[in-house]
Amino acid sequence: MPFYSFHCAKCAEDIELLIGMSETPVCPSCGSKRLTRLPSLVAPPGKSAGIKKAARAQAAREGHLSNFSRAERKR
């Protein structure tokens, strides 16, 4: 189930709820069902590839091969 952001028309709170598509959201503050779904934010691209590349370069400089697969190790 995904998180959705809502705005409550009764108490003016912005909330995030973990609900299914077929469920009717209810405001946890006031119990109102008059919620407007807010637009979702786009997640930024991940940076793990760059972090992994930097860690492998450091490991190679230091002479240990612990974070390389067997196929990637120099013979």
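FYI, the numbering just counts along the sequence from 1. In this text the structure is predicted, and so the values were computed from the model without any measurement.
- Legend: residues meeting side-chain hydrogen bond (donor to acceptor under 3.5 Å, both in side chains) with Glu16, ordered by chain and number and at least two apart, are absent.
- Taking CD from Glu23 and CG from Leu18, the interatomic distance works out to 8.5 Å, rounded to the nearest 0.5 Å.
- For Pro39, the side-chain contact (heavy atoms from CB on, under 4.5 Å) test picks out no residue, with sequence neighbours left out.
- Here the CZ-NZ distance, from Phe6 to Lys33, works out to 13.0 Å after rounding to the nearest 0.5 Å.
- Atom CZ of Arg34 sits about 7.5 Å away from atom SG of Cys8, to the nearest 0.5 Å.
- Interatomic distance, Leu35 CG to Ile15 CD1, rounded to the nearest 0.5 Å: 5.0 Å.
- In this structure, Ser5 and Leu17 have side chains that are not in contact, with every pair of non-hydrogen atoms separated by 4.5 Å or more.
- Here Ser29 pairs with Cys11, Glu13, Cys27 under the side-chain contact (heavy atoms from CB on, under 4.5 Å) rule; sequence neighbours left out.
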